Amino acid sequence: MFQWSKKVVKSVTFNPDIADESLLAQVENYLEAQPDKTFSDLCKEALWKVLCVPESVQPASNTASITTVEQKIGEMQRQMAGFEERFFMRESHRLEAMESQMLQLTQQVAKLAVILNQQPLTYIPPDSVSVAQGIPEHKSEPQELDPVISRIGQFLDDF
């Protein structure tokens with residue numbers, strides 16, 4: 001059986017033909033986009049895939065787990081942003097509805113004030129109201145005023 005030393009270095013040779021130069025350019029672009037990975041990491045990942053080794057047997061790389069965590073964080077941030085947007089839209093709609101209702105109530109109160117100011121106030125003396133079964137009712141027949149009260153009322157008006 002072949003014995004490996006603790007650290008084995010293998011080299012990869014890129015020939016000056018178009019295929020190898022194209023592959024080398026792709027490797028360089030990939031590594032520039034992912035600065036946390038090395039050429040060694042990239043080669044190992046490619047070998048694992050090419051050799052069809054199940055992921056359960058593959059060693060967990062720090063960069064892969066960091067990338068996974070970063071992806072999960074990014075997804076959670078997107079979900080949170082979506083939630084905030086929906087929440088603020090709903091609250092904004094509720095606020096607009098409340099403002100509309102307040103405006104309608106203000107207009108109704110203004111109309112009532114106008115109506116009340118247009119109608120003369122009438123005073124109904126307490127003796128003209130009778131209580132029948134706990135419900136006040138106005139008497140329909142006019143009452144005659146006492147002549148003494150009429151004369152005293154004139155003095156009160158002058159007073």
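Because the structure is a prediction, the values reported are computed rather than measured. Below, all heavy atoms of this structure are taken into account, side chains as well, without hydrogens, waters or symmetry copies.
Counting only residues at least two apart or on different chains, the side chain to side chain donor-acceptor pair (under 3.5 Å) pairs with a member in residues 93-115 are Glu91-Arg94. Residue pairs satisfying the salt bridge (Lys or Arg N to Asp or Glu O under 4.0 Å) criterion with at least one member in residues 11-25, sequence neighbours excluded, are absent.
Remark: Glu84 engages Met80, Phe88 in a side-chain contact (heavy atoms from CB on, under 4.5 Å) (not counting sequence neighbours). Listed by chain and number, the residues in a salt bridge (charged side-chain N to carboxylate O under 4.0 Å, His left out) with Arg86 amount to none (sequence neighbours excluded). Listed by chain and residue number, nothing satisfies the side chain to side chain donor-acceptor pair (under 3.5 Å) test with Ser22 (two or more places apart in sequence, or in another chain).
In the hydrophobic clustering, where aliphatic and aromatic side chains (Ile, Leu, Val, Met, Phe, Trp, Tyr) are joined below 4.5 Å either directly or transitively, Leu42 groups with Val12, Phe14, Leu23, Leu24, Val27, Tyr30, Leu31, Phe39.
Summarising the geometry, atom CD belonging to Gln77 is positioned 10.5 Å from atom CD belonging to Glu75; distances are rounded to the nearest 0.5 Å.
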Steps toward side-chain contact (heavy atoms from CB on, under 4.5 Å) verdict (Leu112, Val114): CA-CA 5 Å; Leu112 284 174; Val114 168; over 6 Å; no
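The environment of CG in Leu47 is crowded: more than 12 heavy-atom neighbours from other residues, nucleotides or ligands sit within 6.0 Å.
Judged by distance alone, the side chain of Asp41 and the main-chain N or O of Lys37 form no donor-acceptor pair under 3.5 Å.
Placement of Trp48 and Val50 in two distinct hydrophobic clusters is found when ILVMFWY residues are connected by side-chain heavy-atom separations under 4.5 Å, directly or transitively.
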